[in-house]
Amino acid sequence: SDVCSSDLELITVCDMRLISLPLEDGRAYSWGEGSSGELGLGRSVQMRQMPTLLESVQEEPIEAVSAGDNHTLLLTRRGGILSFGVSSRR
């Protein structure tokens with residue numbers, strides 16, 4: 001479905017170069033620039049100019065999104081946390 005023409009409510013937008021958002025129906029979309037997998041669309045996808053459904057998390061309704069320089073975190077409605085991008089510890 002096309003999020004640009006949808007009448008669903010936008011809940012969250014993160015970061016200036018990476019945008020991930022959950023909609024009120026629990027679906028999550030991502031777009032922008034992400035060279036470390038932080039778009040949630042696989043490491044080979046480094047740029048999306050249009051909102052793209054995060055098909056890998058469709059079975060888990062998303063409540064909230066948070067993003068940093070190289071990562072994205074998704075909070076599910078059941079309280080789980082999903083992450084994409086750089087995960088190395090310092």
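Values below: every heavy atom of this structure, side chains too, minus hydrogens, waters and symmetry copies.
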Are [X] and [Y] close enough that some pair of their side-chain heavy atoms sits under 4.5 Å apart?
{"X": "L41", "Y": "T52", "value": "yes"}
{"X": "I62", "Y": "L75", "value": "no"}
{"X": "L74", "Y": "V57", "value": "yes"}

Straight-line distance of Q49 CD to E33 CD, nearest 0.5 Å: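 Rounded to the nearest 0.5 Å, the CD-CD separation comes to 11.0 Å.
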
What heavy-atom pair brings [X] and [Y] nearest, and what distance separates the two atoms?
{"X": "R78", "Y": "E59", "result": "NH2-O, 4.3 Å"}
{"X": "S56", "Y": "G40", "result": "OG-O, 4.0 Å"}
{"X": "L73", "Y": "S83", "result": "CD2-CB, 3.5 Å"}
{"X": "V86", "Y": "H71", "result": "O-CB, 4.0 Å"}
{"X": "N70", "Y": "S36", "result": "OD1-OG, 3.9 Å"}
{"X": "L39", "Y": "L54", "result": "O-CD2, 3.3 Å"}

Any residue meeting side chain to side chain contact (heavy atoms under 4.5 Å, CB included) with Q58, in chain and number order, not counting sequence neighbours: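 Q58 satisfies side chain to side chain contact (heavy atoms under 4.5 Å, CB included) with L53, E55 once adjacent residues are dropped.
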
Chi angles and distances behind the side chain to side chain contact (heavy atoms under 4.5 Å, CB included) call for I81, T76: CA-CA 6 Å; I81 297 176; T76 69; over 6 Å; no

